[in-house]
Amino acid sequence: MRTVAVVGASLAGLSAARSLRKQGYDGRLVVIGDELHRPYDRPPLSKEFLVGSLAEADLALEPDTEDLRAQWLLGVRAVGLGGPQRAVRLADGSEVRADGVVIATGAAARTLPGTDGLAGVHTLRTLDDARALRDQLTLGGRLVVIGGGFIGAEVASTAYALGLDVTVVEAAPTPLAGPLGETMGGIVSALHADHGVRLLCGVGVKGLSGESRVDAVLLEDGRSVPADIVVVGVGARPCVEWLAGSGIALDDGVKCGADGRTSLAGVVAVGDCASWYDPRAGLHRRVEHWTGARERPDAAVTALLAGGAVEPSAPRPPYFWSDQYGVKIQFAGHAAGADSVTIEEGARDDRNVLAVYRRSGHPVAVLGMNQPRLFMRWRKQLAAAA
């Protein structure tokens with residue numbers, strides 16, 4: 001291959017570029033990103049950066065000594081991919097022709113319809129999002145977080161530490177039931193009540209009120225929750241619209257094999273936009289976690305450079321973490337499909353539990369709350385079993 005284009009300049013794209021050089025690729029390398037920023041770390045955006053204990057320079061993912069010998073095209077969005085010719089079309093009218101393409105365009109935060117232009121309403125996905133929200137939170141006031149997932153919970157925890165009056169609204173009966181299951185989702189989300197943060201569950205949001213600036217969140221049951229700031233944390237959608245008509249199969253992201261290969265030769269996908277086949281479960285999954293964006297590009301680059309001649313190995317069980325109200329939450333594996341979950345260590349009321357999820361008696365996932373050592377042992381067992 002003479003030219004490889006990496007479309008996406010966040011962690012997954014950077015990891016792919018690094019892996020290309022590490023695996024001996026010495027040709028032209030072009031990295032394309034729609035943000036103007038060099039690659040930065042996203043997890044701190046809802047925590048340390050938002051509270052002010054990390055500066056922007058601390059988010060950098062590249063050491064000063066690193067030189068990938070890459071051409072960086074930043075602040076320009078990919079708008080199309082020219083099928084077998086693998087020509088990446090850019091919003092400025094230019095294109096990059098490549099022998100190999102790595103798709104790493106990530107995901108974008110979902111928004112609430114009808115909120116465009118309404119001051120005080122935020123999503124949190126990018127550094128620019130975090131800058132704007134941080135400036136608002138320093139003013140204090142009443143914050144309503146729509147969505148009780150991990151991003152919403154982390155923002156609520158951070159705002160609580162900053163002294164804001166915080167309410168979390170979650171449409172599902174139990175927050176985090178999707179990734180953690182009903183039982184453990186309830187235990188983890190109880191952290192809100194432990195710290196005096198209001199949690200309203202089982203009710204949807206009808207809309208927002210306010211003329212130029214938001215002043216309340218209107219719930220479907222008729223209640224109105226006063227708000228000076230609103231953060232919408234209702235999930236993310238994979239950024240794959242630009243691939244329409246390319247011949248690449250799409251299904252909740254870029255549909256890939258177990259090694260990241262797409263339906264188009266010479267193209268692989270990694271990160272939040274990629275739906276990899278999981279041979280253990282027999283289905284495709286998108287893994288929207290830091291470790292997936294860091295680890296999976298190695299396998300995808302191997303497949304790209306070898307033309308698929310290397311048999312893929314099963315990916316490691318996904319791992320993610322969250323910090324809320326001073327509690328370190330760690331999770332590995334897949335809770336979906338587990339038929340039991342047991343607390344093996346700690347006390348649920350003290351929020352220091354180690355819980356193991358099993359299917360037919362076999363461990364498939366593990367959750368730790370302030371149990372880092374025991375959790376890591378279980379995580380290694382899950383990886384070995386996989």
Side-chain angles (χ1 to χ4, degrees), residues 10 34-37 40-60 106-171 175 189 191-193 195-200 203-219 223-237 322-326:
S10 193
D34 61 354
E35 292 186 64
L36 286 169
H37 312 294
Y40 58 88
D41 207 17
R42 294 182 189 271
L45 295 181
S46 58
K47 302 182 284 287
E48 298 93 340
F49 180 78
L50 208 55
V51 82
S53 60
L54 275 186
E56 288 188 20
D58 300 320
L59 301 176
R110 297 187 185 278
T111 59
L112 287 183
T115 60
D116 289 347
L118 190 61
V121 181
H122 300 263
T123 57
L124 182 55
R125 187 77 185 183
T126 69
L127 176 56
D128 292 336
D129 293 340
R131 286 171 173 168
L133 179 57
R134 183 184 59 184
D135 291 345
Q136 289 280 297
L137 293 181
T138 58
L139 302 176
R142 300 162 298 182
L143 168 69
V144 177
V145 179
I146 300 174
F150 284 106
I151 290 293
E154 290 172 0
V155 170
S157 170
T158 301
Y160 163 81
L162 291 171
L164 278 78
D165 178 272
V166 184
T167 301
V168 178
V169 180
E170 169 58 49
S189 60
L191 287 166
H192 296 301
H195 294 82
V197 170
R198 289 181 296 278
L199 177 60
L200 307 179
V203 59
V205 171
K206 183 179 181 181
L208 307 181
S209 69
E211 294 186 4
S212 60
R213 183 177 184 86
V214 66
D215 58 32
V217 175
L218 308 178
L219 306 183
R223 285 180 290 176
S224 176
V225 184
D228 303 302
I229 310 167
V230 171
V231 173
V232 180
V234 292
R237 55 172 181 79
S322 178
D323 296 294
Q324 302 173 27
Y325 305 102

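- Between A130 and L50, the shortest heavy-atom contact is O-CD1, 3.8 Å.
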Check step by step if side-chain contact (heavy atoms from CB on, under 4.5 Å) holds for L218 and V205.
CA-CA 6 Å; L218 308 178; V205 171; over 6 Å; no

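- Judged by distance alone, with hydrogens and angles left aside, the side-chain atoms of D228 form a donor-acceptor pair with the main-chain N or O of R142 at under 3.5 Å.
- Scanning both residues, S46 and I151, for their nearest heavy atoms gives OG-CD1, 4.4 Å.
- Inter-residue side-chain proximity for V217 and T167 is flagged as unmet; no heavy-atom pair is nearer than 4.5 Å.
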Could you check T115 against V232 for side-chain contact (heavy atoms from CB on, under 4.5 Å), going step by step and ending with a plain yes or no?
CA-CA 10 Å; T115 60; V232 180; 5.9 Å; no

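- Taking each heavy atom of A156 and V166 in turn, the nearest pair found is CB-CG1, 3.8 Å.
- In this structure, T111 OG1 and H122 NE2 are separated by 14.0 Å, a value rounded to the nearest 0.5 Å.
- Side-chain contact between S157 and D323 is absent, with no heavy atoms from C-beta onward closer than 4.5 Å.
- Side-chain contact between V230 and L118 is absent, with no heavy-atom pair separated by less than 4.5 Å.
- The two residues T123 and D129 come nearest to each other via the heavy atoms O-CB, 3.3 Å.
- Within the 3.5 Å criterion, the main-chain N or O of A107 finds a donor-acceptor partner in the side chain of R125.
- To the nearest 0.5 Å, the span separating CZ on R42 from OG1 on T126 amounts to 7.0 Å.
- Judged purely by atom type and a 3.5 angstrom limit, D58 uses its side chain to pair as donor or acceptor with the backbone of A55.
- Once rounded to the nearest 0.5 Å, the distance linking CZ of F49 with CD of E56 reads 4.5 Å.
- Put simply, CG on L45 and CG on L133 are 10.0 Å apart, with the number rounded to the nearest 0.5 Å.
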Walk me through whether V214 and V144 qualify under side-chain contact (heavy atoms from CB on, under 4.5 Å).
CA-CA 11 Å; V214 66; V144 177; over 6 Å; no

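- What you find for A159 and L143 is that their closest heavy atoms are CB-CD2, 3.3 Å.
- One finds the CG atom of L164 at 5.5 Å from the CD1 atom of I229 (value rounded to the nearest 0.5 Å).
- Judged as a salt bridge (Lys or Arg N to Asp or Glu O under 4.0 Å), the pairs with a partner in residues 144-160 (not counting sequence neighbours) are, in order, K47-E154.
- Checking side-chain atoms of Y40 against main-chain N and O of L127 turns up a donor-acceptor pair under 3.5 Å.
- The two residues A171 and G204 make their nearest non-hydrogen contact at CB-CA, 4.3 Å.
- Scanning for side-chain hydrogen bond (donor to acceptor under 3.5 Å, both in side chains) contacts around H37 gives D128, with sequence neighbours left out.
- A salt bridge links R198 to D165: at least one charged side-chain nitrogen sits closer than 4.0 Å to a carboxylate oxygen.
- Counting heavy atoms from C-beta on, the side chains of I146 and E170 never come closer than 4.5 Å.
- Using the six-membered ring where Trp is involved, H192 and Y325 have ring planes that are perpendicular, over 60° apart on the 30 and 60° scheme.
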